[in-house]
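Numbers restart at 1 for each chain; the letters A, B, ... are given by sequence-line order, proteins then strands. Just so it is clear, the values below take in all heavy atoms, side chains as well, and ignore hydrogens, waters and symmetry mates.
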2 protein chains.
Amino acid sequence: MGKGEATRERILEIAEAAVLAKGFGATSIDEVIAEAGLTKSGFFYHFKDKNALAREMLRRYVATNDQLFDEIFARGHQLSDDPLQAFLISLKLLAETMADLPNGHPGCLIASICYQERLFDREVRELTAQSVRDWNARFRKILDGIAAVYPPREPVDLDDVADMLSCIVDGAIIMSKTLNDPSRLERQILIFRSCVKLMFAPQSS
Amino acid sequence: MGKGEATRERILEIAEAAVLAKGFGATSIDEVIAEAGLTKSGFFYHFKDKNALAREMLRRYVATNDQLFDEIFARGHQLSDDPLQAFLISLKLLAETMADLPNGHPGCLIASICYQERLFDREVRELTAQSVRDWNARFRKILDGIAAVYPPREPVDLDDVADMLSCIVDGAIIMSKTLNDPSRLERQILIFRSCVKLMFAPQSS
DNA sequence: GAGAAACCGTACCGTGAGTACAGTTTTGGA
DNA sequence: TCCAAAACTGTACTCACGGTACGGTTTCTC
């Protein structure tokens, strides 16, 4: 890794924390470069403009999240051969992971971008849309596996159930931040888990 | 209503549409006053600064939403004496109301503020927190009424279920906007409705 | 040791928030 | 109908921020 790449990473790390804390519009390049210890010229050497910064931040964020999901769902699959049990275990792991974040979840970049859409170009917005679609498809695939074994009790659209997880997480992050109570995120994931159980698990007193 | 009050309302209406479309930071006072047809001096005569504008926008937004919930849940209560049925009807009405919005839900002001928190003062943030708490309490009260008649199947925390509705709605709004598909919001509310049914309704094939 | 990569410094432009303050029109009530 | 308050207008600033331009300098790497 060249020195330039390291600087880029440092900038992205600092920028992401700032953006999640106060929004993209309120994050000034000046403060980022001050913390990163370089000049404006240095910044624009690495990023054409603020949009380029957003694009790279987003790529980083999506990659990190993808990796987290890979790990968590692989682990669930390791611990149980039953697709429903594996998913329930993974959701538990996800909840725990979120609960273990030191200062609560810092925020969802996609949601942050969503509420400031006009600040970004089409490429950035297309990137957010695609990653949401990918996550939904991933969850949908898991649900397909479950539904094949356990026919859902209520007639539910599996696409909607898949979407639900992303919605719950994004919504819970907002509530956590608004109420300054990190525990809400964990609890919402667990409530979703209960819903999945109710939908698919066979009757058990 | 004096002329000043009418101007204030006009500014708030224009500002809300702009803020939900592109975020608070990206909404300039200049463009708002241009559309409202008054000068900068005129604007600052009504609002001390941008924070004061946010505060009033928020008050307006919360009041409108409160009224919507009042209507929808009152209507549900009219149509059925059974607390569970009444809630399920209300959720259906809520879903329909959201589906009927011409260009999809314009966005949640609380979420928008959440992701740009540092732009706002403590009073604004306290206002968002309080309205979320109020909405959660309202839903919780309804769930209490239901649980008294229909003991929940899974051991669920009713506070969490109450929170869930807000989370789902906020999350679904983000997904709707990100994917440019307004129907997601309606479908998520209906999926939540299915979950409530599964939690409380007695076994029915 | 040379050339490319990774910066620094300085000076500049446009836009938007916000201030200051004096002047003008509009409005509602005695 | 007049008068005072309310509701503005106009001008002229300030400061911060995004972004550009460009020449110079250091630092790596082959």
Quiz prompt | Heavy-atom check, side chain of B:Cys195 versus side chain of A:Met199, under 4.5 Å | solution = yes
Quiz item: Any side-chain heavy atom of B:Val169 within less than 4.5 Å of one from B:Phe192?
Solution: no
For the pair made of [atom1] in [X] and [atom2] in [N], what is the distance, rounded to whole Å?
X       : N      : atom1 : atom2 : result
B:Asp49 : C:dG16 : CG    : C1'   : 14 Å
B:Phe44 : C:dC21 : CZ    : P     : 16 Å
B:Glu9  : D:dA7  : CD    : P     : 14 Å
A:Ile29 : D:dG18 : CD1   : P     : 5 Å

Quiz item: Looking at residues 52-60 of chain B, who's got a heavy atom less than 4.0 Å off DNA chain D?
Solution: none
Below 3.5 Å between N/O atoms, which protein atoms pair up with nucleotides 4-9 of chain C? Just atom names and distances, please.
| from | atom 1 | to | atom 2 | distance (Å) |
| --- | --- | --- | --- | --- |
| C:dA6 | OP2 | A:Tyr45 | OH | 2.9 |
| C:dC7 | OP2 | A:Thr7 | OG1 | 2.7 |
| C:dC7 | OP2 | A:His46 | NE2 | 3.0 |
| C:dC8 | OP2 | A:Thr39 | N | 2.7 |
| C:dC8 | OP2 | A:Thr39 | OG1 | 2.7 |
| C:dG9 | N7 | A:Ser41 | OG | 3.0 |
| C:dG9 | O6 | A:Ser41 | OG | 2.4 |

Practice problem: Please work out which of the three classes, parallel, tilted or perpendicular, describes the rings of B:Phe87 and B:Phe73, given edges at 30° and 60°. | Solution: parallel
Quiz item: Is A:Arg8 positioned over the aromatic face of A:Phe47, cation under 6.0 angstrom from the ring centre and no more than 45 degrees off axis?
Solution: yes
Quiz item: Any luck finding a side-chain donor-acceptor pair between A:Asp82 and A:Tyr150 under 3.5 Å?
Solution: yes
Quiz item: Can you find a side-chain donor-acceptor pair between B:Asn136 and B:Ser166 that sits under 3.5 Å?
Solution: yes
